[in-house]
Amino acid sequence: MDFPAFLDQLWLARIPLLKGLGVSISISFLSIVVGTVLGVFVGLALTYGYRPVQWIVRGYTDFIRGTPVLVLVLASYYVLSTVGIDLGPFQAGILALSIFCSSHVGELVRGALQAIPKGQTEAAKAIGLTFSQTFVDVLGPQALRQALPAWVNTAAEMVKASTLLSIIGVAELLLRTQEQISRSFMSLEFYFFAGFLYFVINYSIERFGRYVERKTAVPS
């Protein structure tokens, strides 16, 4: 590895790589946020929905969880266009990753809610709380503490899955890295550098999860 030569090439490629990093962070952030919000509703439907609703949502989660992310990405970009829904690569990528994230978060929420003793829900009803008040004030905080570690893993998976969007032309970090490799032929060096940047993103998510976990922990 010619380290000085790599630093020279890295400096020349700094602007495209920074733009690619920004796109990767934007896609990951939006997909995690949208997927988490949708996943909460999926988890509520699986836990408290009427039986037909539970069947429909269960079919949705099982189908999405059993489908490779790459297939969802390609379907969002190419299949939707055949029915008149034209999405750009960026929008299609966010749609695919958000849907995939929502199915996983939905299962996390369902498991966390079902782990809470039913007596707490009954006590909330007894004092006149509505379902939304019960979820926000009683069930939600407890479910958050239980689901948080697994949610961090899901969020990290979304960051890694964002690399698949290069196949539909999203100029994220991996695609920008490959462009620089084709120009400089320093594949090992640039791939290591890209891997380091992905590690930094996922490590930041992990630290954020630890921070929220400390803030929501029940004092002993």
Side-chain angles (χ1 to χ4, degrees), residues 17-18 20-48 57 60-62 64-70 72-73 90 93-117 120-121 132 134-166 170 172-174 177 192-220:
L17 291 179
L18 284 174
L21 178 62
V23 171
S24 292
I25 293 175
S26 299
I27 289 175
S28 301
F29 176 78
L30 292 173
S31 300
I32 292 169
V33 171
V34 175
T36 299
V37 173
L38 292 176
V40 170
F41 288 103
V42 169
L44 289 173
L46 288 172
T47 309
Y48 302 112
V57 177
Y60 164 82
T61 56
D62 289 346
I64 298 299
R65 281 161 58 88
T67 303
V69 184
L70 180 59
L72 293 176
V73 171
F90 187 86
I94 291 177
L95 175 63
L97 295 185
S98 298
I99 290 175
F100 189 76
C101 181
S102 70
S103 65
H104 286 265
V105 173
E107 285 295 334
L108 298 180
V109 172
R110 178 196 61 79
L113 290 174
Q114 290 182 345
I116 300 174
Q120 299 197 27
T121 303
S132 59
T134 301
F135 178 74
V136 172
D137 298 329
V138 180
L139 303 178
Q142 298 181 68
L144 174 63
R145 287 192 289 270
Q146 297 191 44
L148 187 60
W151 177 87
V152 171
N153 292 334
T154 300
E157 288 297 322
M158 293 303 100
V159 175
K160 291 183 282 187
S162 69
T163 60
L164 297 173
L165 302 188
S166 61
V170 177
E172 43 75 59
L173 179 58
L174 181 61
T177 299
F192 266 118
F193 183 72
F196 170 74
L197 294 179
Y198 282 115
F199 166 77
V200 171
I201 297 173
N202 282 334
Y203 182 75
S204 300
I205 293 174
E206 190 269 340
R207 298 310 301 174
F208 172 74
R210 292 287 182 87
Y211 171 78
V212 176
E213 191 174 359
R214 289 195 302 269
K215 289 295 184 179
T216 58
V218 178
S220 56

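Quick caveat, the model's predicted, so the values are computed rather than measured.
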Steps toward side-chain contact (heavy atoms from CB on, under 4.5 Å) verdict (N202, K160): CA-CA 9 Å; N202 282 334; K160 291 183 282 187; 4.0 Å; yes
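- Residues I116 and Q146 form a side-chain contact, since some pair of their non-hydrogen atoms from C-beta on lies under 4.5 Å apart.
- Nearest heavy-atom pair, S166 versus E172, reported as atom, atom and distance to 0.1 Å: CB-OE2, 3.1 Å.
- Between atom CG of residue D62 and atom OG1 of residue T67 there is a gap of 10.0 Å, rounded to the nearest 0.5 Å.
- Residues V73 and V69 have side chains in contact (heavy-atom distance under 4.5 Å, counting atoms from C-beta outward).
- Atom CZ of residue R210 and atom CG of residue L148 lie 10.0 Å apart, to the nearest 0.5 angstrom.
- Considering every non-hydrogen atom in both T61 and E107, the closest pair reads OG1-OE2, 3.8 Å.
- The distance from atom CD1 of I99 to atom CD1 of I94, rounded to the nearest 0.5 Å, is 12.0 Å.
- In this structure, CZ on F192 lies 13.5 Å from CG on L197, to the nearest 0.5 angstrom.
- Atoms CG and OG1, from L70 and T163 in turn, are 10.0 Å apart once rounded to the nearest 0.5 Å.
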Worked check of side-chain contact (heavy atoms from CB on, under 4.5 Å) between T177 and F193: CA-CA 9 Å; T177 299; F193 183 72; over 6 Å; no
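- The distance from the CG atom of L165 to the CZ atom of F90 is 9.0 Å, given to the nearest 0.5 Å.
- Residues P141 and F135 approach most closely at CD-O, 3.9 Å, considering heavy atoms.
- Each of L44, L46, T121 was checked for a side chain to side chain contact (heavy atoms under 4.5 Å, CB included) with L113, and the lone residue meeting it is L44.
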When the side chains of residues 27-42 are checked against the rest of the protein, which donor-acceptor pairs come out under 3.5 Å, sequence neighbours left out?
residue	atom	partner	partner atom	Å
S28	OG	S24	O	2.8
S31	OG	I27	O	2.8
T36	OG1	I32	O	2.6
T36	OG1	W151	NE1	2.9

Criterion side-chain contact (heavy atoms from CB on, under 4.5 Å) on H104 and E157, from CA distance to verdict: CA-CA 11 Å; H104 286 265; E157 288 297 322; over 6 Å; no
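- The number of heavy atoms from other shown groups lying within 6.0 Å of CZ (R65) is above 12.
- Each of I64, L95, L164, L97 was evaluated against L72; a single residue qualifies, I64, per the side chain to side chain contact (heavy atoms under 4.5 Å, CB included) test.
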